[in-house]
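Here is the structure we will look at.
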Amino acid sequence: MGKVKRSSAIVISSSDDEDDKDFVLKTNFSYSKSVPTRRNRKRANRAQLSDSRSRVFHDSNDNGFDVIKRFCEDFDQGFPQFKVSSGFGRNMGLWVDKYKPRSLEELAVQKKKVDEVKTWFEERLRTSGKNSYSNVLLISGQAGVGKSATVYAVASNLGAQVHEWNTPTPTIWQEHLHNSNSGIRYMSKMDEFESFVERIRKYGLSSMTRTSPSSIILLIDDLPVVNGKFAYGRLHRCLHLLLRSVHLPTAILINDYGNSDSAEYKTRYWEELQLSLVNAGACKVNFNPITINSIKRTLSKICRHEQFEVGDEQIDLIAKASGGDIRSAITSLQYYCLKPLPMNSQSFSKSSVAHLEEEMGKNNILDGGICLPFGRDATLSLFHALGKFLHNKRESGVLSEPDRNAILLKDKFVRLPLKMDAPEIVLCQAHGQTRAIADFLHENVLDFVNEDAIDDAWFVSSYLSDADFLLGTLGGKLTRNFEAENIIQSAAASIAVRGVLFGNAHAVTSRWHAIRKPKLWQVEQSLRHNKCQMVSQWNAIHSSMNLCEFSVIATEFNPALNWLGYEATKDSESLQVSTAVNNGKDDYFDNDNCDDEIEDW
Amino acid sequence: MLWVDKYRPKTLDKVLVHQDIAENLKKLVTEQDCPHLLFYGPSGSGKKTLIMAVLRQMFGASADKVKVENKNWKIDAGTRTIDVELTTLSSTHHVEMNPSNAGFQDRYVVQEIIKEMAKNRPIDTKGKKGFKVLVLNEVDKLSREAQHSLRRTMEKYSASCRLILCCNSSSKVTEAVRSRCLNMRINAPTEEEIVKVLEFIGKKEGLQLPPGFASRIAQQSNRSLRRAILSFETCRVQQYPFTNNQAIPPMDWEEYVSEIASSILKEQSPKRLFEVRGKLYELLVNCIPPDIILKRLLYELLKKLDSELKHEISHWAAYYEHRLRLGQKAIFHLEAFVAKFMSIYKGFLIETFG
């Protein structure tokens, strides 16, 4: 029943599409036909539409391009109206701005954290730069947890003025060309930030503002993007300089990108940076994601204000989907409240709209928010996903009676249903590289295979071998077909993961496991190193002889040379060198050891 | 200097094994035109020795004056320049290199070096334009693309440049290249031939060889002359005068592989598989090529295996050897083979002993 209705809605929208296409393609001859359908859609704009229509009609023997252009203009004209009508004049602009917390009470942030920030600022403002300890406050937290809102609210509470470092607008390429032609040197954002810090250091803010300096808070929300060691070093120096010499209470906001990207070196940089700043005397406050309850409270308050009837379930869903990001939650709410309205202007009957809405509401609840048109995609960390795959959680108990439609499988191929989303979805969420996933699985899977089930171990490793085979077809080609590569990559990932899930039929009962970093990477690195060293050493000793395949050197000459004690001094020296290098590497690996303890979920 | 190098025959007249081939090569080279040559055969059969002797036959003693260079090639590949570093060995008349060391950029190296050689053709004493010889080792390890470009450059510059290719297995060289070369199959020397060589060396070194000692080394050498001479020399260092029951020192990595094999046969479990992985890593780090590891491992396993299983195990070894060549990371496939073996062997044990 419901299905029919939904599909009918889809039909309507698709026919709209066709009309548009019609309109574009056949403009010259079927004009009168296609316009009425459009008029149907936007009855509210009728006057204007007919106006444009008449305009077009007059010179309809123009070429199609003009008509299309005019169509676009028409569309543009229609658009602002659509926007205005959506809120019935009540809400201008975004709710995020409109309901920005003005006072401390309105903040959805944890009370404790707010107090922390507030007392810090109070202290600094009272003593106003005369104290010896540092004037920098680091506020970290993921996006949309109200970091800057807190600073602003605290500032207004204390009657201080916030001076924000404004990121300069990015230079576009044409502009850059123009500038460099007219002799203006290009300033990177980093350069500008540096000079800003320099100014602050030397002159305070007096050069920029005229208010009394006692009640100014400096807010650095948007640190310049750094990439690579060098730029990072500059930023690091710059911030330390600021930390040492700034006289104004300063808040630096740092976005945490969550654990999902922990494998990337960039987040490590940020962590290091924070740590070093804290060590240098900065005060750090970490904001947690906002709790679902306080998001819900805020959302229902907004609803009351806007006089929209939004069900509790909807609010609950929105709050959950936002993942602790209140900004996105509010935007989602606005979007949600907005949605039925443009439909009103179409020629639907009121009841069908209501039905549709109901329908959607139901769907949302049924699918657990996956088909929500808003909200953030939940991301998983790589380790989380690996844990899911390795632990191989399945439904317990007997299999339910098989569907008639399902393919009948032999008993040995039947597995209990998974207690997780389809592996591909999990892979998507973890946005992992296929290679890395295969390596991690390979390194860790044997810990999870039952002690007696060597057959399972073979299954798993044969599937991993298949995956590697697929990945191997990618390497070494100079002409690349990215589309095909993508398919191969995802197929390989799918095979690796499903192979592990399928093959490990008798998974061990869950217990604590540490996921190791693939040793393979280290092995490869030292292999490369050893190879180079061996070949160069060989060439150095036997320079006038001949070139030799390294495999022959490794398998035949080196063992023999060891026996002979030939060139013993040289060999031992090189051995020491190689071990030293290896040790160095070990240290390196210890440093970024990302062993994550995972427990079972 | 190792005996292997010391007693390497310098000219075609002096070779002790493959004398017939040497004879033919001599005839071929003394005639004016020499075709491209492709030497193939198992390791330690004397391919390189023959090639060097041929070069000497062609150019005289000046072919021996070689210098080693680490050359950097800057190659313009359309949109970007590629930097490739490669060790070459060159005299005035020839250049020798292992292009497969350049990894997947081998194609450019091959093209570029042939082009460069063709540009400055040497002029011989009679004022006639001569040719240079390019010796390419490990052609079978070249990528398919490199072999294709090799084919084209071979045709284009055939007037100014001769190629001598050297590889273990001609099956990994494309048809097109093979058909443009004179194929020379160099067999592994027989045990008698090896004994002959060892006795020759022994005489030169003034050593007393107990009867049967040389043939024992020859048996252990897997019909590789190089290995035989190397182990002969290690025996000499280890203990002299030779005794008849003297143990011939095995290669350390081979011992290690046989250790792995016995540990596989002792227990079949995921835990053991994990331990074996660690040992395989150890071998790989020491630059033992994975296919050689696999071959050796199979050899060691087959020694202790019931004949019933031999066929199946060999099948799987071949299967994973193929995989290993096509795949990217050797350990995945080596481990899959070990796991398969464990699974089969355990099933077999349960079936026979309950």
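The structure presented is a predicted model; accordingly, all values stated were derived computationally and were not measured. Labels below follow one simple rule: chain letters A, B, ... track the order of the sequence lines, proteins then strands, and each chain is numbered from 1.
- Of the two parts of B:K346, only the side chain, counted from C-beta on, holds a non-hydrogen atom closer than 4.5 Å to a non-hydrogen atom of chain A.
- Contact of B:V4 with chain A is made through the side chain alone, with heavy-atom distances under 4.5 Å.
- No more than 12 heavy-atom neighbours from other residues, nucleotides or ligands sit within 6.0 angstrom of NE2 on B:H322.
- In terms of the ring-ring contact (aromatic ring centres under 6.0 Å, His included) criterion, B:Y256 has no residue partners (sequence neighbours excluded).
- With a 4.5 Å cut-off on non-hydrogen atoms, B:S269 touches chain A through its backbone and its side chain both.
- Proximity to chain A is absent for every atom of B:S231, based on heavy atoms less than 4.5 angstrom apart.
- Contact count against chain A (heavy-atom pairs under 4.5 Å) is highest for B:P270 among B:S43, B:P270, B:G278, B:G327.
- Residues A:L471 and A:T434 come closest through the heavy atom pair CD2-CG2, 3.9 Å.
- Between the side chains of B:S91 and B:H94, a donor-acceptor pair is found at a separation under 3.5 Å.
- Salt bridge B:R272/B:E275: present, at least one basic N to carboxylate O contact under 4.0 Å.
- Side-chain contact between B:V338 and B:L297 is present, with at least one heavy-atom pair separated by less than 4.5 Å.
- In this structure, no portion of A:D456 lies under 4.5 Å from any heavy atom of chain B.
- With hydrogens and angles left out, the side-chain atoms of B:N168 and B:D140 include no donor and acceptor closer than 3.5 Å.
- Using a 4.5 Å cut-off between heavy atoms, A:E524 touches chain B through its side chain atoms alone.
- In terms of heavy-atom pairs under 4.5 angstrom with chain A, the leader among B:R325, B:E282, B:R323 is B:R323.
- Between chain A and the options B:R227, B:E335, B:H333, B:K329, the largest number of non-hydrogen pairs under 4.5 Å is found for B:K329.
- Interface residue A:R435: only side-chain heavy atoms are found under 4.5 Å from chain B.
- There is no contact between B:F337 and chain A, counting heavy-atom distances below 4.5 Å.
- Looking at B:I229 and B:Y7, their side chains never come closer than 4.5 Å, going by heavy atoms from C-beta outward.
- With respect to chain A, the highest number of heavy-atom pairs below 4.5 Å among B:V135, B:N286, B:L326 belongs to B:L326.
- Annotation: maximal heavy-atom pairing with chain A below 4.5 Å, among B:M342, B:K65, B:E254, occurs at B:M342.
- Looking at A:A467, there are no atoms closer than 4.5 Å to chain B (heavy atoms on both sides), in backbone or side chain.
- Checking A:E424 against A:S494 by side-chain atom types alone, a donor-acceptor pair falls below 3.5 Å.
- Ring pair A:F459/A:Y463 is parallel by interplanar angle, where below 30° counts as parallel and above 60° as perpendicular.
- Annotation: maximal heavy-atom pairing with chain A below 4.5 Å, among B:Y281, B:F274, B:F341, occurs at B:Y281.
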